[in-house]
Amino acid sequence: MGCRATCWQVLVCVTLCCTLVFVNAEDPYRFFTWNVTYGNIYPLGVKQQGILINGQFPGPDIYSVTNNNLIINVYNSLPEPFLLSWILSRPLIPVPFPEPADDFTVLIGDWYKANHTALKAILDRGHKLPSPDGILVNGRGPNQTYFTFQPGKTYRLRISNVGLQHSLNFRIQGHKMKLVEVEGTHTLQTTYSSLDVHAGQSYSVLVTADQTARDYYIAVSTRFTTKILTTTAILHYSNSAKQVSGPIPGGPTTEIDWSLNQARSIRTNLTASGPRPNPQGSYHYGMINLTRTIKLESSAAQVNGKQRYAVNSVSFVPADTPLKIADYFKIGGVFRVGSISDHPTGKKMYLDTSVMGADFRAFVEIVFQNHENIVQSWHINGYSFWVVGMDGGVWTPASRNQYNLRDAVSRSTTQVYPKSWTAIYIALDNVGMWNIRSEFWARQYLGQQFYLRVYSPVESPRDEYPIPKNALLCGRATGRRTRPL
């Protein structure tokens, strides 16, 4: 446990102290020093311990010096610091909409008044977490977060659900939202009155200040829960003389079909440029032959009298050495490739350090099958993927007939609805040891994750950068020497 904590702390320090931000052609790098400490916070009026960045809660926004667009924001209300990165287009690559008057981050998430150590202790005792105590917007409680708009101007809101588990619905009183981007992909510019944002997901919307000058509610509420939790922030017109009034705008609550249809309506803008100077649709994912199908089935059960969660019957337990380090130094006994099947086995749940092997440059179909009565959210580290289909029931090969093989959205986190499936296509073009996990913190902590080892026998720096010579090693790798760069 100490080894894992040390490695995590090193990773955070490297990330915080060596963050690279594109600024301009003359000065491509910018460095920030952040002091990470614990301190007392009161987001819902109750004293608890939180993570402070440079003495602040929430953490500081970091802006580029050229166009004031947000690059990085630290949201430190989670059990661990959450580093949220926004990737901006290169200066010569146009975006498919006029430059907004300003750019705001909106970080939404469920919140517990209990400290993370208390939540962890509940899980360690083999119990499930209780319902959260509230919803926060940018780390603050009801009506404590303001966004100021100039009348007649259009603003970009970058909305991310950084909570522990709940899907959230986001809406603005009296205003429409035009969706323009999902996790790095420019989308068809569809207008919505409210938007479902599942755990770990991010969206960019454009909002125009085209209503009567006053203050308006921004409402965020839980989805698919028996008890609906709601919080509000304020959209403030700069010339407003009237505070918010009237009822908080209502939103969908438990309607699955509403959310499913909205998810299907989100599609890639094929005429827009991607992160490189070529249209997003120039990579024809629907015309590539699949080399493999992986089917992942989640489950919940008791193991040794304690609550656990699994993928294909395997509930993940961390090793004493980071898996990528063990793989790099070829240290035996830490993990075994193939310790998790690529299809459900029907076996009784068991514990293991689950690692699935995969070939570099394979083009893979992954099906997430959800037999439970909850909405799930899944993330794959190191990759974006095309969400080609989702529907109710059990996936079969015939389900491919309804896939979107033309303009499916590319993202890194996808939802799976209750008693339903979601299918993705993914090009394994990134060598490494990549975590596939539930975005529900409790489920991830209690085993609903595994690692995908994307392997190339060439060991070329063209495919994967070597480990830095000054890397700090731990576990069974302590004292070993890195190979030269």
Side-chain angles (χ1 to χ4, degrees), residues 123 128 165 199-200 290-304 306-319 323-324 326-327 334-359 362-383 385 387-397 399-400 412-426 428 432-455:
L123 299 177
K128 298 179 180 179
Q165 67 179 45
L290 295 171
T291 58
R292 183 180 182 185
T293 295
I294 297 172
K295 189 175 181 181
L296 304 177
E297 189 173 279
S298 61
S299 58
Q302 295 274 318
V303 178
N304 300 325
K306 293 186 176 182
Q307 181 67 50
R308 298 290 300 186
Y309 301 93
V311 182
N312 290 357
S313 299
V314 188
S315 186
F316 181 84
V317 290
L323 300 188
K324 182 58 187 174
D327 196 27
V334 177
F335 69 89
R336 179 177 61 86
V337 177
S339 50
I340 179 173
S341 172
D342 63 3
H343 279 74
T345 63
K347 294 181 179 179
K348 185 178 180 180
M349 186 184 296
Y350 63 95
L351 308 179
D352 203 347
T353 303
S354 40
V355 176
M356 184 184 296
D359 294 330
F363 193 75
V364 177
E365 173 189 47
I366 299 179
V367 178
F368 296 95
Q369 182 69 59
N370 179 11
H371 294 297
E372 299 182 74
N373 290 317
I374 63 169
V375 175
Q376 298 179 348
S377 187
W378 288 89
H379 177 80
I380 301 181
N381 274 0
Y383 283 96
F385 47 76
V387 184
V388 294
M390 55 178 64
D391 204 354
V394 177
W395 181 92
T396 68
S399 302
R400 296 187 179 113
S412 58
T413 305
T414 187
Q415 71 271 32
V416 190
Y417 291 100
K419 306 289 186 180
S420 301
W421 57 266
T422 294
I424 67 171
Y425 281 0
I426 183 170
L428 299 182
M433 186 79 71
W434 302 109
N435 188 238
I436 299 180
R437 64 178 181 269
S438 168
E439 281 292 86
F440 293 5
W441 178 72
R443 285 179 169 249
Q444 179 191 146
Y445 179 73
L446 294 180
Q448 201 156 77
Q449 59 172 305
F450 70 96
Y451 281 82
L452 185 69
R453 180 182 183 250
V454 180
Y455 177 70

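On a predicted model such as this, the values are computed, not experimentally measured, just so you know. What's counted below: heavy atoms across the whole structure, side chains too, no hydrogens, waters or symmetry copies.
Contact check for Leu290 versus Val364: no side-chain heavy atoms found under the 4.5 Å cut-off. Between Thr422 and Trp378, every side-chain heavy-atom pair lies at or beyond the 4.5 Å cut-off.
For Asn370 against Ile374, the heavy-atom pair with the smallest separation is ND2-O, 2.8 Å. In terms of heavy atoms, Arg443 sits closest to Ser438 at CB-OG, 3.8 Å. What you find for Ile424 and Ile380 is that their closest heavy atoms are CD1-CD1, 3.8 Å. Across every non-hydrogen atom of Trp421 and Gly393, the tightest pair is CD1-O, 3.5 Å. Contact detail for Phe385 and Ile426: the closest heavy-atom pair is CB-CB, 4.0 Å. The minimum heavy-atom distance between Val375 and Phe440, with the atom names listed, is O-CZ, 2.8 Å.
Without hydrogens or angle criteria, His379 side chain to Gly200 main chain gives no donor-acceptor distance under 3.5 Å. The backbone N or O of Val416 lies less than 3.5 Å from no partner atom in the side chain of Ser377, so there is not a single donor-acceptor pair. No donor-acceptor pair closer than 3.5 Å links the side chain of Ser399 to the backbone N or O of Pro397.
No donor-acceptor contact under 3.5 angstrom links the side chains of Glu297 and Asn312, judged on distance only.
In this structure, Tyr309 OH and Gln448 CD are separated by 8.0 Å, a value rounded to the nearest 0.5 Å. Here OG of Ser299 is found 9.5 Å from NE2 of His371. Values are rounded to the nearest 0.5 Å. Atom OG1 of Thr291 and atom CG of Asp359 lie 7.5 Å apart (nearest 0.5 Å). For the atom pair CD1 of Ile436 and CD1 of Ile366, the computed distance is 5.0 Å after rounding to the nearest 0.5 Å. Here the NZ-CH2 distance, from Lys324 to Trp434, works out to 8.0 Å after rounding to the nearest 0.5 Å. The structure places CD of Gln444 at 5.0 Å from CD of Gln449, a figure rounded to the nearest 0.5 Å.
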With side-chain hydrogen bond (donor to acceptor under 3.5 Å, both in side chains) as the criterion, how do Ser298 and Gln376 come out once you've worked through the C-alpha distance, each side chain's angles and the decisive distance to 0.1 Å? CA-CA 9 Å; Ser298 61; Gln376 298 179 348; 2.7 Å; yes
Can Met390 and Ser420 be said to form a side chain to side chain contact (heavy atoms under 4.5 Å, CB included), step by step? CA-CA 7 Å; Met390 55 178 64; Ser420 301; over 6 Å; no
**Asked** When you look at Phe335 and Tyr451, which way does the ring pair (Phe, Tyr, Trp, His ring centres under 6.0 Å) test go after all the steps?
**Response** CA-CA 10 Å; Phe335 69 89; Tyr451 281 82; 9.0 Å; no
Next on the checklist: Using side chain to side chain contact (heavy atoms under 4.5 Å, CB included), reason through Leu323 and Val334 one step at a time and then give a plain yes or no.
Outcome noted: CA-CA 7 Å; Leu323 300 188; Val334 177; 4.0 Å; yes
query = Hey, mind stepping through Phe368 and Val311 against side chain to side chain contact (heavy atoms under 4.5 Å, CB included) and telling me if it holds?
reply = CA-CA 10 Å; Phe368 296 95; Val311 182; over 6 Å; no
* Before giving the answer on side chain to side chain contact (heavy atoms under 4.5 Å, CB included), spell out for Ser339 and Phe450 the whole-Å C-alpha distance, their side-chain angles and the decisive distance to 0.1 Å. => CA-CA 10 Å; Ser339 50; Phe450 70 96; over 6 Å; no
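A search for side chain to side chain donor-acceptor pair (under 3.5 Å) contacts involving Gln369 returns nothing, not counting sequence neighbours.
Between Glu365 and Lys295 there is no salt bridge, since none of the side-chain N atoms of the basic residue sits less than 4.0 Å from a carboxylate O of the acidic one. The residues Glu439 and Arg437 are annotated as salt-bridged, a charged nitrogen and a carboxylate oxygen being separated by less than 4.0 angstrom.
Aromatic ring centroids of Tyr425 and Phe363 lie under 6.0 Å apart.
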Could you tabulate the donor-acceptor pairs under 3.5 Å formed by side-chain atoms of residues 344-357, not counting sequence neighbours?
{"from": "Thr345", "atom 1": "OG1", "to": "Ser313", "atom 2": "OG", "distance (Å)": "3.4"}
{"from": "Thr345", "atom 1": "OG1", "to": "Lys347", "atom 2": "N", "distance (Å)": "3.3"}
{"from": "Thr353", "atom 1": "OG1", "to": "Val317", "atom 2": "O", "distance (Å)": "2.9"}

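Cation-pi check for Arg453 over Tyr455 is met; the charged atom lies under 6.0 angstrom from the ring centroid and within 45 degrees of its normal.
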